[in-house]
Amino acid sequence: MAIFELILCILGAVVLSSFISRFIPRISTPLVQIALGVALAFLPAFPHVKLDPELFMVLFIAPLLYVEAHEIDKRMLFKTLKFSLPMAIGLALGTMAVVGFMLHAVWPVIPLAAAFALGAALGPTDAVAVSSLSSEASFTKEQSGILTGESLFNDASGVIGFQFSILAAVTGSFSMASATKDFLLSFFGGIIIGIVAGFIANWIFTLARQLGWETMTTRILMELFLPFLVFLGAEELHISGILAVVAFGLTVHFDRNGIGGPNVARTNIVSNSVWTVLSFVLNGTVFILLGMQLPGAMRASWDDHNVSNTALVSIILLVTVVAIAIRFLWVWLIAAPTRDRETGKRVTLKARSLRDSAVMTFGGPKGTITLALMFTIPYTVASGAAFPMRNELIFIASGVIVLTLLLANFMLPLLAPAKDDADESEKLIEITIEELTRTIQELSNRVTDDNRRVILPVIDSYNNRITRLRQRIGGFNVEEFETLQIDALHWEKDYVRDRLANTQADTQMNEHNRQLQIEACERMMDQIMNTLRHTADKKTHHRAVSQIRGRVHALRRQITTFARRANNKFRRTAPMLNENEIYYYLRATQIDAIDHVINRLYKEMRSGTYKSEYCTLLLRDYRRARAELRSRKDVAAAAKAAPQIDEVKHESYSIELGVIQDMLDSGEISRNQAKHLRRNVYVMQVDAEAEL
């Protein structure tokens, strides 16, 4: 019951931290959660919590690293691997060496091996803290890729370095050859195990889906279960379980593209929701537990009268400064050899490069893995004596964790201010519009005379979505739309003019019908030109000249029409044309002209001359006009086409998901943006199935 109450208190603190962060946005959520953990530790009725490092690793770190690796932008990760790997290995080992020698030099009572252990524990950065800081500061894609890659890979080097240092401190012996062999085996063995497990999981789920065995329940449960299985399996083989989980998360995919249909889309929605909630709870719990451990870790040393508290605080400040200085120099030395692509010369040191190096420096705070490692320090050495300065080492590590988190919280927003949420929202809308436009282009390329009736309504639905998105960001350009309207009138005018010319030249046509067709074309030309005269032409700077020319042409046609009618009446060769007959021909001509403009709009939509959403709006107007002119509607044909339209709609979702994947592979969008776009498609797939 006490454990259950403890879990409820921690979960309540996690929920409370999300509310508090809204009122103090300048303080990052991890710091709020650490403060709540400290407050819980001081409550008299709160049970004392003893952190088991091994349980902590498998219960919290393994699933969090899996999620981070699974959701990371893999293209950017591999692109920045040449930077992140030297930081994950070289910087971690360098921090271990420099901090160890410095601490032993200024405080000789700490053995060199124990000082190395502290330096090794300070090597890993906190992947959870790095991902949390992304909302506090604006990292570039390269910076985010390097920091995330480093936090994923440097745990193994830090853990292995720490273990060897502790072994040397306990036994008093150390073998470089054995340490190097064990390090390489643990590092690369973990990666290989994770990749193999990922390929096996992909094969199993693909086979289960083909056989129809996969359900939402089995898929979600297996996705939650496998990271723990991979971690424990790798640890049983005495290789890095952390790297195995990271490699597994990078390899496994579980059909995340969602092209398998509505069922897969629905499963992906549930999976994303489950991992979103679970990640938030685990992240919060990690920092709550960290805050709960800090008072106990620091109290033993702080209350020890044999150790100066001033000296402890000074050592914390010194170790923090040294660790930050090493990191800054390492980051800058990696970036310094960069050469200009055109001249081939080394780029000179600039303020921006210093700022970028500072962002990368403060973007790697220490966290839970550091404290978890420090708690694994044994209480005694091989001789049975107490481990030297154990409490002091834990105190120093705790102080460095708090200082690096504070520096990251307050320095990163100054060095790289976070982008406005409105700007990010507008950017995502623009990306969505581009993705929908490419989907429309792909659908338009598939239009034939046979499938036009079923594909065009789907294209219209996509264009309607684009129109709504543009209206949200104020991207609807009235002038461009008016330009398209005027061009459509000119297309209509050209069609009627050509039809009039062909009718006048047709000598085989019945004279009465020919006169009716000519009259209908003349009247329609008058209507079009009258509309053009009252419309401001946005495409020319000579509006007045254009209007004058339009009036001259209209006057000329009126004179010609009057002369022809007068001649017919005077000669009495034909009776005056019946208005009902003229209306019949006029209506037929208008319908044909509208059909001509509609076909032209679809062609222009494929060519990209005009924005597809503007074409959709105008198509809607012309279709409405055509519907009003036609007296009968083909209801049976529309009902027959409905199931085919649904099939095309489902196919369009696969096309849309393919477009998203292409944009992600080409680097046009980030993995998070692709995840947001896919989620929208998944929801529409499920909604479409529900409508059937």
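For the numbers below, each heavy atom of this structure counts, side chains included, while hydrogens, waters and symmetry mates do not. Because the structure is predicted, anything quoted here is derived from the model rather than measured.
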(request) Could you tell me which residues satisfy side chain to side chain contact (heavy atoms under 4.5 Å, CB included) with L16, sequence neighbours excluded, listed by chain and number? (result) I20, L36
(request) Please round to the nearest 0.5 Å and tell me the distance separating atom CE of M374 and atom CD1 of I377. (result) 3.5 Å
(request) Answer whether the closest heavy-atom distance between the side chains of L224 and L278 falls below 4.5 Å. (result) yes
(message) Quick check against the 3.5 Å criterion: does N202 have a side-chain atom that pairs as donor or acceptor with the backbone of G198?
(response) yes
(request) Report yes if the side chains of W107 and I396 come closer than 4.5 Å at any heavy-atom pair, otherwise no. (result) yes
(request) Assess whether side chain to side chain contact (heavy atoms under 4.5 Å, CB included) is satisfied between F101 and L112, documenting all intermediate values. (result) CA-CA 7 Å; F101 282 117; L112 184 60; 3.9 Å; yes
(request) Give every residue pair that meets the salt bridge (Lys or Arg N to Asp or Glu O under 4.0 Å) criterion with at least one member in residues 320-334, sequence neighbours excluded. (result) E150-R327
(request) Measure across A358 and F328 and return the closest heavy-atom pair with its distance rounded to 0.1 Å. (result) N-CE1, 3.8 Å
(request) Of all the heavy-atom pairs spanning G161 and A120, show the shortest one and how long it is. (result) C-CB, 3.7 Å
(message) Measuring only between side-chain heavy atoms, which start at C-beta, is I431 closer than 4.5 Å to L677?
(response) yes
(request) Please check if the side chain of S186 supplies one atom and the backbone of S240 the other of a donor-acceptor pair under 3.5 Å. (result) yes
(request) Report the distance from atom CG of L122 to atom CZ of F162, rounding to the nearest 0.5 Å. (result) 10.5 Å
(request) Any chance you could measure F231, atom CZ, to E236, atom CD, to the nearest 0.5 Å? (result) 11.0 Å
(request) Of all the heavy-atom pairs spanning A169 and A114, show the shortest one and how long it is. (result) CB-N, 4.2 Å
(request) Give the minimum heavy-atom separation between P227 and V245, together with the two atoms involved. (result) O-CG2, 3.6 Å
(request) Find out whether F188 and L243 are in side-chain contact, i.e. whether some heavy atom of one side chain is under 4.5 Å from a heavy atom of the other. (result) no
(request) Starting at CD1 of I315, measure out to CG of L317 and round the result to the nearest 0.5 Å. (result) 9.5 Å
(request) Report the C-alpha distance between Y66 and V252 in whole Å, list the side-chain angles of each, state the deciding distance to 0.1 Å, and finish with yes or no for side chain to side chain contact (heavy atoms under 4.5 Å, CB included). (result) CA-CA 10 Å; Y66 163 76; V252 73; 4.0 Å; yes
(request) Heavy atoms only: give me the nearest I110-H104 pair and the separation to one decimal. (result) O-ND1, 2.8 Å
(request) Provide the full list of salt bridge (Lys or Arg N to Asp or Glu O under 4.0 Å) pairs with a residue in residues 276-286, sequence neighbours left out, each pair given once. (result) none
(message) Tell me every residue that passes side chain to side chain contact (heavy atoms under 4.5 Å, CB included) with V196, counting only those two or more places apart in sequence or in another chain.
(response) I192, I200
(request) Check the pair I324, F362 against side chain to side chain contact (heavy atoms under 4.5 Å, CB included), reporting the backbone distance first and the verdict last. (result) CA-CA 8 Å; I324 290 176; F362 293 112; 4.2 Å; yes
Side-chain donor/acceptor pairs under 3.5 Å, residues 83-100, sequence neighbours excluded:
unit_1, atom_1, unit_2, atom_2, d
S84, OG, T80, O, 3.3
T95, OG1, L91, O, 2.8

(message) Please enumerate all residues that pass side chain to side chain contact (heavy atoms under 4.5 Å, CB included) together with V67, with sequence neighbours excluded.
(response) E71, W275, S279
(request) Flag the pair M292 / V38 as yes when at least one side-chain heavy-atom distance between them is below 4.5 Å, and no otherwise. (result) no
(message) What I'd like to find out is whether the side chain of L403 reaches to under 4.5 Å of the side chain of K366, using heavy atoms alone.
(response) no
(message) Quick check for you: to the nearest 0.5 Å, what is the distance between Q163 atom CD and L373 atom CG?
(response) 8.0 Å
(message) Do F387 and L393 make a side-chain contact, defined as non-hydrogen atoms from C-beta onward lying under 4.5 Å apart?
(response) yes
(request) Indicate the atoms forming the closest heavy-atom contact of S357 with V331, along with that distance. (result) CA-CG1, 3.9 Å
(message) Is any side-chain heavy atom of W332 closer than 4.5 Å to one of T361?
(response) no
(message) If we check side-chain contact (heavy atoms from CB on, under 4.5 Å) with F248, which of these qualifies: L229, I193, L226?
(response) L226
(request) Enter the distance from I401:CD1 to T370:OG1 here, rounded to the nearest 0.5 Å. (result) 5.0 Å
(message) Run V322 and L318 through side chain to side chain contact (heavy atoms under 4.5 Å, CB included) and show every step you take.
(response) CA-CA 6 Å; V322 170; L318 179 61; 4.2 Å; yes
